[in-house]
Amino acid sequence: RASANGGGGGSARASAQAAARVATARPRAFAWWAMAQLGPGTDVRIESVDFRIVGLLGEGSFGAVWGALILNGPDRGKEVAIKEIVCRSQVELMRAMMERKLLKFVRAPADGSRDDPLAAAASRHFPAHVASEVEVVGQDCWQVRLAMTRLRGKPLESVLEACQEQLVGPPAASPASSPACRLDGASRCTLAMLQQLSPALEHLSTRAHHRDITPRNVLVEVQNGRHVWGLVDFGLAVDSRTWQTDMLTHDIGGDGHYWPTSSWFVLAYGAHHLESYPALMQEYEQRLDLHALGITALKTLMELWSPCLKQDMPDPTRGKEELARLARLRIAWDRFLLSIARYWQPIFDSFACGGAEILDRLKSSYAHAGVHHVVSADLCALRAAINGVRTSTSLLELRTLCAALLVLIQPGKARDDDASWARVREVLNGEAAPRQAGRGGRGDDWMHEIVARVLGAGESPGPFGAAYASRSSSTNISTRLPSAHSLGSMTAESAVSSSSARRSPASSVNPTLLSTQMPLVCVA
């Protein structure tokens, strides 16, 4: 940078010497800061496809995501997204290669599956591979460019934030202002997300676990009066076929708000202790994405519905018991959020100040306090509240949604039912057939209006890359030795310290912590 700006002769000479050493070590290599830069109006060729960069969609520690147009071939003029990743370790390169494999898997399903509805769902709701390239740009440094189909919409996170902070519901005199209409619309909107994304994730699960399903990576827009959902960013995905063994040495990825109990257990004790706890082992092996989608869906329901809770408006369509069950769900949800935030924020802060020792101390304190027991208890209370709403509600859509949430959200203990994507599909298709969007009265109109206002009616769709770029709450925490830690998609070769690895899951539980955190209801 000093050389490019025409100043700092010493720095410029040092940079030139470094570049010369790299070039000597690898014939095709050159300093990563000197590699071809993308920008609006830039033309770039990836494999045999020519692209013209339109603008920046998002950026983060991994690199950047650009919007582009295809300039040649049968897809000329089609919009795509180009993700540019700078990999500074073999671990980061392997992660980028895994993302490329999954994009290709979405683009070209295995033989015999082209007519499979699950594969078709994946191709509609996930980005697919268009072109890619990998180039050596320095000593242990690679540039990876992934061109993929561009999904439309805005991150769900921004939609929910706008609903909470900016939007005002319809006038009180309007029939659509009834809490019944609002809960009906929020239920239908959330149910559409599960109906669209769960089949796609069922298809993905045959090859990978996404591990970063959050509202930042879920996209939504309104098309022809219905909500269309998408899921992006496979940067933390792992191979589901080898995860049973890889999980013993692999990092814990994603956002702790969407972790099941088993992830908190692995954080404190290490994955090697899971073998003594079959329920947690099965959860960590097979249900990370199930749980994350369930918490994402419940968050969507609660935050789309929450504006109506702020109005002291009588609701003649509901009995006292149903209203009481809805209130219990709100209390359980708020308690869960408070508890998780209390545990997750220190972890995030430890990365922000770059303290490996701080993180190790957190792991030790979480093991001593039995944090995974507290998380499990909160999740059991949440599930009990969801089940209460399911058995009392008069809304078919909400009843179906609650039934699906009970399959998705994991209690952190043994369960008698089958928690799988196939079971989610059966629940969504079998218990109650949801009414089609646009046929449910004013409730539908209100929910379409509120989401359309957030997305910006008449404007171009929001940034595809924002979901990639914003990993402010996501992290990678590894359980290998020696210790070295990372945030977001930076190098993830951190580990539990040797003292942490020796801790037993049966460590004493801090009674003070549990007395303030343990819910009153612990029934799954």
Side-chain angles (χ1 to χ4, degrees), residues 157 201 209-218 231 233 235-238 240 243 246-248 250-271 273-274 277 279-299 332-333 335-351 359 362-363 365-367 369-383 405 408-413 415 419 471-479 485-489 492 494 496 500 505 517 519 524:
E157 182 177 61
L201 283 164
H209 300 310
H210 187 283
R211 295 204 312 155
D212 199 17
I213 301 174
T214 73
R216 290 184 306 280
N217 291 331
V218 173
L231 179 66
D233 196 352
L236 296 181
V238 293
S240 58
W243 178 238
D246 291 347
M247 69 180 190
L248 298 176
H250 214 287
D251 59 336
I252 307 174
D255 184 335
H257 294 87
Y258 305 89
W259 285 359
T261 303
S262 55
S263 292
W264 290 98
F265 179 96
V266 171
L267 171 69
Y269 305 110
H273 276 302
L274 284 171
Y277 301 87
L280 293 180
M281 170 79 88
Q282 186 179 38
E283 183 181 280
Y284 197 68
E285 282 181 2
Q286 304 172 11
R287 300 171 181 171
L288 295 177
D289 288 349
L290 281 165
H291 183 82
L293 182 64
I295 297 298
T296 298
L298 183 56
K299 179 182 177 69
W333 173 247
R335 190 183 189 95
F336 168 77
L337 290 181
L338 182 64
S339 179
I340 293 298
R342 178 177 180 179
Y343 302 136
W344 178 246
Q345 191 61 46
I347 296 174
F348 180 75
D349 291 344
S350 72
F351 282 101
L359 183 59
L362 278 174
K363 292 176 181 179
S365 64
Y366 285 5
V371 164
H372 70 285
H373 291 301
V374 182
V375 172
S376 176
D378 285 337
L379 288 169
C380 287
L382 194 57
R383 285 170 49 85
L405 290 175
L408 291 165
I409 297 176
Q410 305 302 308
K413 57 179 65 177
R415 50 188 299 172
R471 286 219 183 135
S472 59
S473 299
S474 296
T475 186
N476 300 318
I477 305 174
S478 180
T479 55
H485 306 284
S486 64
L487 175 64
S489 57
S494 55
V496 178
S500 172
Q517 291 294 310

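Since we're looking at a predicted model, the values are computed, not measured.
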- line: Residues Lys299 and Pro215: closest non-hydrogen pair is CD-CG, 3.8 Å
field: side chain to side chain contact (heavy atoms under 4.5 Å, CB included) evaluation trace for His250 with Val266
entry: CA-CA 11 Å; His250 214 287; Val266 171; over 6 Å; no
- prompt: Looking only at heavy atoms, what is the nearest atom pair of Pro346 and Ala341, with distance?
  reply: CD-O, 4.2 Å
- request: Taking the side chain as every heavy atom from C-beta outward, state whether Trp344 and Tyr258 have any atom pair closer than 4.5 Å.
  value: no
Non-hydrogen side-chain atoms of Val371 and Arg342 separated by less than 4.5 Å: no
field: Candidates Asp255, Thr296, Asp212 - the one meeting side chain to side chain donor-acceptor pair (under 3.5 Å) with Asn217
entry: Asp212
statement: Rounding to 0.5 Å, atoms CG (Asp289) and CD1 (Ile213) come to a distance of 4.0 Å
message: In the structure I gave you, are the side-chain heavy atoms of Glu157 and Thr214 within less than 4.5 Å of one another anywhere?
response: no
- request: Would you tell me whether Asp378 and Ser339 have side-chain atoms, one donor and one acceptor, within less than 3.5 Å of each other?
  value: yes
query: If you take all heavy atoms of Gln410 and Leu290, which pair is closest and at what distance?
result: NE2-CB, 4.3 Å
statement: Closest non-hydrogen atoms of Tyr366 and Ile347, given as atom of the first, atom of the second and distance, are CE2-CD1, 3.8 Å
- prompt: Would you call Leu382 and Leu298 a side-chain contact if the rule is heavy atoms closer than 4.5 Å?
  reply: yes
field: Parallel, tilted or perpendicular, as decided by the 30° and 60° cut-offs, for the rings of Phe265 and Tyr269
entry: tilted
Separation of Leu405 CG from Leu293 CG (nearest 0.5 Å): 9.0 Å
message: Please give me the minimum heavy-atom distance between Pro411 and Leu379, naming the atom from each residue.
response: CA-CB, 4.5 Å
query: Mind checking what makes side-chain hydrogen bond (donor to acceptor under 3.5 Å, both in side chains) contact with Thr261, not counting sequence neighbours?
result: none
Check: Lys363 and Leu359 side chains under 4.5 Å, non-hydrogen atoms: yes
query: Does Tyr343 reach the main-chain N or O of Gly256 with its side chain, forming a donor-acceptor pair under 3.5 Å?
result: no
- request: Please round to the nearest 0.5 Å and tell me the distance separating atom CD of Gln282 and atom CZ of Arg415.
  value: 9.5 Å
- request: For Glu283 and Ser262, indicate whether the former's side chain and the latter's backbone hold a donor-acceptor pair under 3.5 Å.
  value: yes
- prompt: How about Ile409 and His291: do any of their side-chain heavy atoms sit closer than 4.5 Å?
  reply: yes
query: Of all residues at least two apart in sequence or in a different chain, which pass the ring-ring contact (aromatic ring centres under 6.0 Å, His included) check with Tyr284?
result: Trp243
query: Are side-chain heavy atoms of Trp259 and Val375 found at a separation under 4.5 Å?
result: no
message: If we ignore hydrogens and angles and just use 3.5 Å, is the side chain of His209 paired with the main-chain N or O of Glu285 as donor and acceptor?
response: yes
field: Positive for side chain to side chain contact (heavy atoms under 4.5 Å, CB included) with Ile340, one of His257, Arg335, Gln345
entry: His257
Student check: side-chain heavy atoms of Cys380 and Ser376 closer than 4.5 Å: yes
- request: Considering non-hydrogen atoms only, spot the tightest contact between Arg211 and Leu236 and give its length.
  value: NE-O, 2.8 Å
